[in-house]
Each structure stands twice: as C-alpha cells, then as structure tokens.
2 protein chains.
Amino acid sequence: MATISEIAKRAGVGTTTVSRYLNHHPYISAEKKAKIEAAIKALDYTPSAIATQLRHQTTNNIGVLVSRITNPFFTALFDALERQLHNYGYQVMVMQTYDDEHSERAFLNQIKNKQMDGLILASVENATSVLQVAQEFPKRIVLLNENIADPNIRAIVLNHYQATLDGLNYLYAKGCRRIAYATGGDFSQKGHGQERNNAYRDFLAQQHLPENPDWIFQQQHTIADGQQLARQLQALPKDRRPDAIFTNSDEIAMGLIGALMKAGIRVPADMAVMGYDDQPMAAYLEVPLTTIHQPIEEMAQAAVYQLLTCLGQTLTDPKPDLTLKLVPRSSA
Amino acid sequence: MATISEIAKRAGVGTTTVSRYLNHHPYISAEKKAKIEAAIKALDYTPSAIATQLRHQTTNNIGVLVSRITNPFFTALFDALERQLHNYGYQVMVMQTYDDEHSERAFLNQIKNKQMDGLILASVENATSVLQVAQEFPKRIVLLNENIADPNIRAIVLNHYQATLDGLNYLYAKGCRRIAYATGGDFSQKGHGQERNNAYRDFLAQQHLPENPDWIFQQQHTIADGQQLARQLQALPKDRRPDAIFTNSDEIAMGLIGALMKAGIRVPADMAVMGYDDQPMAAYLEVPLTTIHQPIEEMAQAAVYQLLTCLGQTLTDPKPDLTLKLVPRSSA
DNA sequence: GAGCGATGTGGAATCGATTTCATAAATACA
DNA sequence: TGTATTTATGAAATCGATTCCACATCGCTC
C-alpha cells in the first residue's frame, strides 16, 4: 500500500536514502537509518516488485514449459527445476502446452514482453516457433531433452538414440524377434522423438528384421493410450502378434501391462514390455517395469546452470552425468 | 526492445494513440491505424508487460502453493488449477514449501509486493503466518483443502471427517477390529489433518475400540515412508499387529503394500490397507487400492471461482459437487 | 588553509506503459 | 445558423521503484 516516497516523507529523508537503505548501500547515517526503519514498520511497507522490475528490466521469473505436468516424468523434472531455481532466488512460472502449438506460441511470447527472464522448454510442439523466438533471445532459452539442430539454440541433450538401441538389444538378447514400438509423436523422419524412432529403424536393419507397420503405434502418451494399445494388440491374430514392445514412456507401459494381464496375456512370458523414464512408481507395479532411467536431477542441474550462466550469474559448473541407463526389472 | 514512444515517433502519432490502438479503443482513424501497424511490424514491437502491470497495479499472475508437487494428488490438483487459470488468462506461479515454514512465509510475501494478484494455498505449513497475510488481503487468498477457522479466510473445504469415518466403517464392516492409522502430520488436536484424526478417534470411541499408540503413525507422506511403515508393522509381535491400516495417502499405501507383500504379509487377507486420494495409478497397482476419491477437478473449479470472483471477475458459479467418495477395489 | 578523498544526502530523470485532460474537427440536431 | 454530440488526437501526469548528478560536510595531508 505504502510507497517509498511516503516512507521518505514520514522519515524526513529523500527517496534516494530510503532506496539506499532497502538495498543495503553504505553511507547512511545511523540516525536516518533508524528513522527509516521506524517508518517502514509503522506503515507496514513492502517495496513493489513491479516497480523494481521495470527499473531493472528483469523479473527474477523463469518460465518452465512442459506438455503435461501430470506425466510423472515431467512432474519429477519440474520438481527438480523448481527446487533448483528457487534456490537461486527465482520464481517459477509454469505452462502446459497440452500438445497445443498456440499455447506454446503464447507462452514463448512472454519472453518478448519481458514477463520472464528466461525459459526452460522441456517439450517442444512447434520447432519453427521456438526457433524464431530463440533466434531473437538466444541467451534466454534453454531446451531440455529436446533437440533442434541449430547453433543458436542451447540445449541439454541426452543420447536417446543409444538408450533406445540398448533397450531394443536387451529385448533381442532375451530372445524377442517380433518387437513392436510405441512412440509419443509421429513415426516420421522429423520431429519429436525422431532419435528414438531412428534407433528402432536402425535396430531392425542391423538385425535384419522386417519393419511391420502393424507394430508401430503413434501418438501414445497416457495410461489410457496404453490400455487402448493392449486392445489393438489383442485384436491382431495370434500368429501376427509381437512378442515384445518397446514403449516410449512408463505410463504407456503401465496401462498396457494392466490391460494385457486382464486379457490373459502374460508379461513378459507372452509379451515383454519395456518402459521409458523410470518413473518413481515403475518399481511398484504389479509387474515391475524394465525401463530406461532418465537422470532427472542432473538434467535439471544442467539446464539451470546453462540458463543462469547465460543470464549473467556465475555458478560453478556441476558437470552432471547425463547418461541414460537401462534398469532391468520384471516386465522384460 | 522497442518502446511505445518509438512506435509513436515512427508512425508520426502520439503515444496515446498507439496505446489506444493496442487496447482496441474506438476512435482511431484508419490512416493512423495503418501507420501504427506498420511501425509495430517494422520494429517487431511487443508491449512491456511490466510497464502495464505497474500502471494497472495487477499482474495477471496467480500463485499456487503446494507442499510437494511430486505428490500425485498435488500434481493432479495443480494440473487442474493451471488449466483453469490459464483459461481465464492468468499465468501460474508455483511454489513448493517442502514442509518448510520459511519458504511459505517468503511466498506469502509475494502477495504483499504485488508480484501476484492472488494465491491459492493447497497446503498450509504455518497457520498464523497465513492468517496474518490473509487478514490483510482477504480477497486475494483462497485455501484449498485446508481449513483455518477464521471468518476472514476463504476456503474450499471438503468433509474429510465424514470420509475418514466412512473408510474406517468400511474396514469395520469387512471384519477388521484392529485398525491402525497413518497421518501426514502430527496426531495432535490441532493442525494439518486434524479432522481425519478426530474421525479416527471418534470411530474408535463409537466402536468401543481401544486407542493403541503403537498403531498410530505420524509424519507419513511418501512411498519410502510406507515402506518404512511396513518394517515397523513387521517388527510388532504377530499377536499385536493390526489387521488393517487406514493411510492418509495412496503413496503411503503404495509403498506399504509393496513392502508387506515382499515380506509375505498378504493384502488384504493378513492386513487390509486403505488409501486416500484415489490417485490415477491407484487402480494399476499390484493390489488395486481401495481408497477415498477426492474430486480434484471440482475442487480446482471451486477455488478458481472463489478467487477470481473476489478479484473482480464475473463468472458463472460452477457449483461443483465436492463430496468425497469411497472407491472399493482390492486392498481392503 | 588549500586540496582531496571519504561520507552522506536529495532533486529529478528514468524505466514503459496508461490515463487524464485539453483541444479541435466533423457531424447531428433543432 | 447555432449548439450538442461524436470522433479523433496528443502533451503531460502517473504508477513506484532506482540511479545519475550535484552538492555538502568531515577529516586528513602537505
């Protein structure tokens, strides 16, 4: 309610001196300091963050963009980001795109209107949108676990190609030869998850296995998708069913396994299922998931370090280990 | 980068006119409108949100406070809040307290420094802190699923007393007479979860069952807590073990059941376990959880409606149904 | 006792928008 | 034709902080 000039007036000093007091500048007489303190207490004064932001041209807000926070992988990632950014004195603003390009675009614009000092994008809907904004503000944007091949864009990238290959080879080593594949996006050359898709393609080629369109499932995300996926697999004639499926998230695997078991298809005996992410619940399911572990805390560390150093802070580089590791449990 | 006066200069008009254009005021000649549009495009101008905020004294930011976003109940709640607030044009700022009073206090202060127009508190660490701030800004704060009995504080309250009673009676009807209880906070008269605690106490009294301190577990939150809890139960001599346990979250139940099964204690045959929240994964566990369903979407609706109407928006009241319902599955 | 650096202070400009107020032309109305 | 009313516009004040600049005082040195 009260403003700095009211404090100044009440304390009988200039606003400059009050501002100095607030910002712990030296060269204030003890006498005035006391008066200012009294005035601040009397009027229950808190400086307006907005005015400071306008003057400083920074907000101390960082935006984090994810597709769906209820995806436990993003939940954990967001948690790690929030904790670390908070530690450095930043407020975190969240945005879920729900796979909508327009929402993404709108959120990106908030970097232009100075609402946020920086942005961490943990999922990317429309690469050209992002590219455009990132071109303009290369120092304010960091991609996390998404890759747009462009020298202007900073990105924390993990080797999902290798991890996917590892997972598929693991299934192969277990004797599986009819390996299906479920991806979150399209199974095209470009876009979201292409590295994993390429790994699947290359794996099939390396092992001289045919690529079967009936065994490639696209736009799979949720538990419900996994359940639906189980129905699709059931619908296939027995001799044309896969004996394993590599999914792109533990959520799909979770829904899938539940529905398969209910339908009398045993996991992994009849069908091995490989998850992705190693979400916290992965170990507690009816069939504990064999899955690919993503080093979430380290990923967040890397992204925060990148962003904040670009924003001018000097931090010690945590040099986190960003390798993806296969975690063998029971589902494959 | 560019400012409104640069646009004005380039378009050969006053800043007033540019502002009018930006805010879709009437009474602008087509000629000047075109010039302004051209200038905006040429300079790639986006109005500074901060300047607008300073002038308007509102930010269009709403803060949401939870204890831990990785608690799936809070994840779902936050998701619902974010979607709805976003729909009304608000940005959402998150804060996790991690059960720390100081963080909570710091976050509450952001309402004083005008960083946020309103606050939704989905968990409360220190009631007096909240009370103090809420007294000053009664219209800007809504409690969600937390109750501080004070006429100045708006709160969305559910009947957890009745739901807990329902759950306990369900166990009783199943033949359980040795019912343990795990709470997230203290088992004292005051504070977090007291209604549920009271229900447990009253239930025991009503059924003439003794209150056994060995069967009351406090500060239980996570999966790990549940696992630890299983060890404590195991450690009890068989004849002094409970035959059921009412937990205060699905997470505890999840960790507990997993560890019990591993130790050869069958659920629900040897020990019935009741969850709380009905988190999405509750149906997919090795032993699907019998639990209390919290109507998350409706709770978010109610909180958002309360807050935004207090902030001066006129919305149609969704009048959501906020009853808690027991969902019988297999764990009890 | 003139000159210099350290200490202490406040008026006014600034950040970038919105809004008040004053003003004027065009149009409607009687 | 004279008076309202509508349409159209911009200079300047405003929001609440920070900071530049100008200035004053004190103690110290040469």
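As a basis for the values below, the full set of heavy atoms in this structure was taken, side chains included, without hydrogen atoms, waters or symmetry mates. Sequence lines set the chain letters: A, B, ... in the order given, protein chains first and strands last, and positions in each chain run from 1.
Of the candidate nucleotides D:dT9, C:dA17, D:dT19, D:dT9 has the atom nearest to the side chain of B:Thr17. Nearest nucleotide to the side chain of A:Leu54, out of D:dA8, D:dT18, C:dG16: C:dG16.
Per the geometry, NZ belonging to B:Lys9 stands 14 Å off C1' belonging to D:dA11, to the nearest Å. Distance, B:Asn60 CG to C:dA17 P: 17 Å, rounded to whole Å. Put simply, CD1 on B:Ile40 is 13 Å from C1' on C:dA17, counting in whole angstrom units. Rounded to whole Å, the distance from NZ on B:Lys112 to P on D:dG16 is 16 Å. For the pair B:Tyr21 OH and D:dA8 C1', the computed distance is 17 Å after rounding to whole Å. Atom C1' of nucleotide C:dT19 and atom CG of B:Leu22 are separated by 14 Å, given to the nearest angstrom. Rounding to whole angstrom units, CG of residue B:Leu43 and C1' of C:dG16 are separated by 15 Å. One atom, CD1 of B:Ile7, and another, C1' of C:dG16, lie 12 Å apart when rounded to the nearest Å.
Contact between the side-chain N/O atoms of B:Thr15 and the OP1/OP2 oxygens of C:dA17 is not found at any separation under 4.0 Å. Contact annotation: B:His25 does not reach the phosphate of C:dT18 (side-chain N/O to OP1 or OP2, under 4.0 Å). Using a 4.0 Å cut-off, no side-chain N or O of A:Lys114 falls inside it from OP1 or OP2 of C:dA17. For the pair A:Tyr27 and C:dT7, the criterion of a side-chain N or O lying under 4.0 Å from OP1 or OP2 is met. In this structure, B:Gln53 does not reach the C:dG16 phosphate: none of its side-chain N or O atoms is under 4.0 Å from OP1 or OP2. Using a 4.0 Å cut-off, no side-chain N or O of A:Ser48 falls inside it from OP1 or OP2 of D:dA17. Checking the phosphate oxygens (OP1, OP2) of D:dT18, a side-chain nitrogen or oxygen of A:Ser19 falls inside 4.0 Å.
Between the side chains of A:Tyr21 and A:Glu37, at least one donor N or O lies within less than 3.5 Å of an accepting N or O. A donor-acceptor contact closer than 3.5 angstrom is absent between the side chains of A:Asn61 and B:Gln91.
In this structure, A:Ile28 reaches the sugar-phosphate backbone alone: every heavy-atom distance under 4.0 Å involves primed, P, OP1 or OP2 atoms, never a base. Among the heavy atoms of the strands lying under 4.0 Å from B:Val13 are primed sugar atoms or P, OP1, OP2 only; no base atom is included. Backbone-only engagement by B:Thr3 is indicated by non-hydrogen atom pairs under 4.0 Å involving sugar-phosphate atoms exclusively. Backbone-only contact: B:Tyr45 has heavy atoms under 4.0 Å from sugar-phosphate atoms and none from a base.
A donor N or O paired with an acceptor N or O is not found under 3.5 Å between the base of D:dG16 and the side-chain atoms of B:Arg55. Judged by distance alone with a 3.5 Å cut-off, no donor-acceptor contact links the side chain of B:Thr16 to the base of C:dT18.
Around the NE2 atom of B:His25, the shell of radius 6.0 Å holds more than 12 heavy atoms that belong to other residues, nucleotides or ligands.
In this structure, the side chain of B:Ser67 does not engage the main chain of B:Ser123 through any donor-acceptor pair within 3.5 Å. Formation of a donor-acceptor pair under 3.5 Å by the A:Asp317 side chain with backbone atoms of A:Lys319 is found in this model. Here the side chain of A:Glu104 pairs no donor or acceptor atom with the backbone of A:Thr97 at under 3.5 angstrom.
If you find the closest nucleotide of DNA chain D to B:Ser29 and to A:Ile4, the one lying nearer the 5' end belongs to B:Ser29. The residue among B:Arg20 and B:Thr46 whose nearest nucleotide of DNA chain C lies closer to the 5′ end is B:Thr46.
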